[in-house]
Student: 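Sharing a structure, written as structure tokens. Questions coming.
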There are 2 protein chains.
Amino acid sequence: MGSQEQKAQKETARRKRPSQNSGGKVRRRGQKVKVPKISEAVVRRLPVYLRYLNNLKAMNVRTVSSQQLGEALDLNPAQIRKDLACFGEFGRKGIGYEVNYLVEKIKSILKLDKQVNVLLVGAGHLGHAISNYNAYLKDSMRIVAIFDADPHKIGKKIVNMMIQPLEELANTVKEKNIRIAIIAVPADAAQAVADRLVAAGITGILNFAPTNLRVPENVRVHDADVTMELHSLAYYL
Amino acid sequence: MGSQEQKAQKETARRKRPSQNSGGKVRRRGQKVKVPKISEAVVRRLPVYLRYLNNLKAMNVRTVSSQQLGEALDLNPAQIRKDLACFGEFGRKGIGYEVNYLVEKIKSILKLDKQVNVLLVGAGHLGHAISNYNAYLKDSMRIVAIFDADPHKIGKKIVNMMIQPLEELANTVKEKNIRIAIIAVPADAAQAVADRLVAAGITGILNFAPTNLRVPENVRVHDADVTMELHSLAYYL
DNA sequence: TAGATTGTTAATCGATTAACAATC
DNA sequence: TAGATTGTTAATCGATTAACAATC
């Protein structure tokens, strides 16, 4: 691990040099600071790498090459190397990538090195199902609160969490420092919930409702719409 | 509607002419046949258009321009026109697109003009939640069978469907002409289920399990992995 | 050392956007 | 007719892939 520490320093230095990366340059307090424009496609692949690397780690695999990763994940090895190179020099020429080290690096890129608290709105079947993902999310992320509009559900428990009324949402967000929310309510209730989340300071939303949410542009919405996925699958029949 | 019929004929003719479309040409039985290479990005946007157009239809809106669609969906109007133009001439210069007509056209492009039967494997909370999407899928698609490995669940009912054992999968696929399947089982069971689905002749899979499925290349997998969506959201914090 | 594999540049490929003639 | 809007070409932008020097 000693040589990896050295490498870490090298990275820091490297980030200040300009690179082929198309990111713009921004002047801050008189300095030219590199803003490495990372594409959405890259960010979407990072969790894919992380998931597979975690498998390798569980199997006690020490190192892995971009070639091997590419074969396992159906991706071009050059693309994998380039993706990772956006964030630093994590590999060793002639050797490949040290699995444990790369896992930590990707976690830190995704800001998963500290626990990220998440809340869930909607305690129906879908909400129940999503609560169980805490096991998969491991220590990096955690669903820490559940809300529902139905008075009959308030106070009941799901996986150790008490279902709370929406009125408590803003307070809980502040108390538990929550920044990400999951919407698992019917389509016709989703926009109102989203407005409430935004007002409470949420900046990332995973939306399961089959509807287009309108949010301010500083808020990011990822859609996980079953109907849309099924519809696009049908095209390829 | 009369003029739309004429337009339909025009389209058919049009598809045989070469266009700027980058699709390759393939020789079949001595004829040059256009194989319009439609990009994945286009196919993923079609259900977005359809969902919004269905809303307009419900509100009795007659026509809509690419400009209006673009504003509502946060897309460039030129992109919307180009997407639709991949499949024919659906609009009218100076007017826009007739909502009802366009809905039918997109449905037919997505092969949703006839009911598409879907099966679901996994009768946990997630499976329950997904069964309820039948309401949103309307008449175009329908989850028509549910399977589970747990003997205690076999025979119980979810939304009018009896939970079946996996042993019956192949037969049901044949009987009900099912081509698309949804995997809603734990990660460690997903690959075995996928193998079984592929063996039964399924060609499209919507996978909710947080794992990389390995399938033959004629089978299409869409991942709907909550953990990956949450992880990539975290990046933008 | 010889073989392997990275990081990175250059080449390619594809997707998005702008612009505009055609026309409703 | 004048204004609006499509379908489509051309221009731009960005992402993927190939290739290779550097080096473990």
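To find a chain, count down the sequence lines: A is the first, B the second, and so on, and within it residues start at 1.
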Student: If you measure only the distance, is there a donor-acceptor pair under 3.5 Å linking the side chains of A:Asn117 and A:Gln115?
Tutor: yes
Student: Do B:Lys111 and A:Tyr235 form a cation-pi contact, if we require the NZ or CZ to be under 6.0 Å from the six-membered ring centre and within 45 degrees of the ring's axis?
Tutor: yes
Student: Rounded off to whole Å, could you give me the NZ-to-P distance for the B:Lys93 and C:dC20 pair?
Tutor: 16 Å
Student: Using a distance-only test with no angle check, is there a side-chain donor-acceptor pair under 3.5 angstrom linking B:Asp195 and B:Gln191?
Tutor: yes
Student: Without decimals, in angstroms, what is the distance between B:Arg81 CZ and C:dT23 C1'?
Tutor: 14 Å
Student: Could you please name the option among C:dA10, C:dT17, D:dT5 that lies closest to any side-chain atom of A:Lys82?
Tutor: C:dA10
Student: Ignoring backbone atoms, test whether B:Arg45 places a side-chain nitrogen or oxygen under 4.0 Å from the OP1 or OP2 oxygen of C:dT16.
Tutor: yes
Student: Using the rule given for side chain to side chain donor-acceptor pair (under 3.5 Å), can you reason through B:Asp225 versus A:Tyr136, listing the C-alpha separation, both sets of side-chain angles and the distance that settles it, and then say yes or no?
Tutor: CA-CA 11 Å; B:Asp225 184 345; A:Tyr136 288 118; over 6 Å; no
Student: A:Glu71 has an atom CD; how far is it from atom P of C:dA4, in whole Å?
Tutor: 14 Å
Student: C:dA22 C1' sits how many Å from B:Glu89 CD, rounded?
Tutor: 11 Å
Student: Does the pair A:Glu40/A:Arg220 count as a salt bridge with the N-to-O cut at 4.0 Å?
Tutor: yes
Student: Please state how far atom CZ in A:Phe90 lies from atom P in C:dT8, giving the value in whole angstrom units.
Tutor: 11 Å
Student: In this structure, how many angstroms lie between the P atom of C:dA15 and the CZ atom of B:Arg44, rounded?
Tutor: 14 Å
Student: If you pin B:Leu84 and A:Ala41 to their nearest nucleotides in DNA chain D, which one's is more 5'?
Tutor: B:Leu84
Student: Considering only side-chain heavy atoms of B:Ala78, which listed nucleotide, C:dA19, D:dT5, D:dC24, is closest?
Tutor: C:dA19
Student: So which nucleotide from D:dT17, D:dC24, D:dG7 ends up closest to the side chain of A:Asn76?
Tutor: D:dT17
Student: If a stem is a run of at least 3 consecutive Watson-Crick or G-U pairs, both distances under 3.5 Å, which stems include DNA chain C?
Tutor: C:3-24 with D:3-24
Student: Does the distance from a Lys or Arg side-chain N to an Asp or Glu carboxylate O, for B:Arg45 and B:Asp83, drop under 4.0 Å?
Tutor: yes
Student: In terms of the nearest nucleotide of DNA chain D, which residue is placed more toward the 5' end: A:Asp83 or A:Gly94?
Tutor: A:Asp83
Student: Between A:Glu89 and A:Arg81, does a salt bridge (charged side-chain N to carboxylate O under 4.0 Å, His left out) hold up when you go through it step by step?
Tutor: CA-CA 9 Å; A:Glu89 295 182 7; A:Arg81 294 200 298 279; over 6 Å; no
Student: Rounding to a whole Å, what distance do you find between B:Ile38:CD1 and C:dA15:C1'?
Tutor: 13 Å
Student: Taking 4.0 Å as the cut-off, does a side-chain nitrogen or oxygen of A:Tyr97 come that near to OP1 or OP2 on C:dA4?
Tutor: no
Student: Would you indicate which nucleotide in C:dA15, C:dT16, D:dT16 comes nearest to any side-chain atom of B:Gln79?
Tutor: C:dT16
Student: Let me know the distance between CD of A:Gln67 and P of C:dG3, rounded to the nearest Å.
Tutor: 17 Å
Student: Between D:dT6, C:dT8, D:dT8, spot the one nearest the side chain of B:Ser66, thanks.
Tutor: D:dT6
